[in-house]
Amino acid sequence: MITFSSPADMRAWAEQQRCAGKTIGFVPTMGALHSGHVALIADAARRADVVVVSIFVNPLQFNESTDFDSYPRPIDDDVAACSGAGVAAVFAPTAGAMYPPGFQTRVLPGPLGEVMEGPNRPGHFEGVATIVAKLLGAVRPHVAIFGQKDFQQLRIITQMATDLELGVEIIGHPIVRDPDGVAQSSRNVRLSAAERRAAIAVPHSLNAAVLAAKDTDDVEVIVSAALAVVIGEPLAKHEYTTVFDATTLEAIVTLTQAQRSFGKVRIGTAVWFGDVRLIDNRDLFPA
Ligand code: PAF
């Protein structure tokens, strides 16, 4: 496995692979790799000849400097995990390499960035879209894999790749969950033992909504079923729960029969445990 820290070196290697007729699969990460990331790497390996993983904690997408500072950075473990997973190249640039003096261009997502997480995290999706555009430019992949846990991020990046003709296929990988149902996330390591136990309220709340949706089209009733579970957990602080269209991300108020049958409705939530913010989502009408 080879490691690059400069975008130019990364791109030169990618060009060599392309010239040799190899396809490149890409998994962008902010490190603190867990088995969810390993599943994304395996997915990329099934779809491409060589896999590149980027490890970069992107300052542009953090609203809170404390969140950026406390983001876990176990770089040696991450490089070992990539090597163990059969990754061909790791791209781990410095902030100075990605945002050198004079850097000024930003990618601004459209309406997809203005709903759900958008109002609560000003500038976040602009930071994500900008860094992902830069990473795609350095790695030049044929296919890039993103987890569905960050569903809004996945939609924004898919739209960006289409709108900007980036020539890369964007794949959404199903959420990888711990045995108790909690979605795997690099932030989970920052939960205390009690908070980690309490975090089970998040997937349970979504499951309660799925059950409620079997009997009603009224989204308020469905969201209340989810809320009741979170409110019943003393360590949880609820931020939002929304039922949304999986393509437009627009909030849905009343469900129609068509929405029930086409599997395009999801429910998403954000819940705090101490200073850790967890997000999760799922199909409201699983097959
Ligand atoms: O999902 C993440 O880990 C990050 O938002 C990403 C896509 C690597 C961009 O920094």
Side-chain angles (χ1 to χ4, degrees), residues 4 7 10 25-41 43-44 51-65 67-75 77-79 81-82 85 87 89-95 97-99 103 106-109 112-113 116-118 120-139 141 143-161 164 166 168-176 183-190 268 270 276-281:
F4 297 105
M10 180 68 247
F26 179 39
V27 180
T29 81
M30 296 204 299
L33 303 184
H34 47 68
S35 43
H37 291 113
V38 175
L40 303 189
I41 292 169
D43 192 342
V51 176
V52 178
V53 171
S54 65
I55 299 173
F56 179 63
V57 185
N58 173 32
L60 221 56
Q61 71 187 76
F62 284 81
N63 319 90
E64 313 267 342
S65 59
D67 193 20
F68 174 70
D69 293 341
S70 61
Y71 203 86
R73 291 167 172 85
I75 185 69
D77 292 350
D78 287 345
V79 170
C82 288
V87 169
V90 167
F91 179 41
T94 58
M98 293 312 267
Y99 302 118
F103 175 86
R106 299 279 198 283
V107 179
L108 185 63
L112 290 176
M116 291 170 64
E117 298 270 295
N120 298 329
R121 305 181 74 185
H124 169 69
F125 288 117
E126 186 177 319
V128 169
T130 302
I131 193 61
V132 171
K134 283 185 68 87
L135 292 169
L136 293 173
V139 176
V143 58
I145 320 284
F146 294 82
Q148 287 183 349
K149 182 173 72 64
D150 297 289
F151 196 85
Q152 186 171 11
Q153 165 175 285
L154 169 65
R155 258 309 280 126
I156 287 171
I157 290 165
T158 306
Q159 189 70 40
M160 174 180 78
L164 301 185
L166 297 183
V168 57
E169 186 186 2
I170 304 294
I171 302 287
H173 188 88
I175 297 174
V176 180
Q184 293 198 353
S185 162
S186 303
R187 288 194 162 86
N188 291 357
V189 296
R190 289 177 47 215
V276 182
R277 182 176 185 271
L278 299 185
I279 58 170
D280 199 352
N281 71 89

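Note that ligands are numbered from 1 as they come in the structure, with each ligand's atoms numbered from 1 the same way. We count residues from 1, following the sequence as given.
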Checklist entry - Hey, is R277 close enough to E117 for a salt bridge, meaning N to O under 4.0 Å? => result yes
Next on the checklist: Under 4.0 Å, heavy-atom basis, I'd like to know which part of T29 is in contact with ligand 1: side chain, backbone, both or neither.
Outcome noted: backbone
Item to check | Distance from atom 1 (O) of ligand 1 to nearest protein heavy atom, with residue and atom | outcome: Q153 NE2, 2.8 Å
Checklist entry - Run the side chain to side chain contact (heavy atoms under 4.5 Å, CB included) check on I175 and N281 step by step: do they pass? => result CA-CA 9 Å; I175 297 174; N281 71 89; 3.9 Å; yes
Checklist entry - By number and element, which atoms of ligand 1 are closer than 4.0 Å to a non-hydrogen atom of Q61? => result 4 (C), 5 (O), 9 (C), 10 (O)
Item to check | Pi-cation contact, F125 with R106 (under 6.0 Å, within 45°) | outcome: no
Item to check | Shortest non-hydrogen contact between I75 and I55, atoms and distance | outcome: CD1-CG2, 3.8 Å
Checklist entry - For ligand 1, which atoms, with element, lie under 4.0 Å from some heavy atom of I131? => result 9 (C), 10 (O)
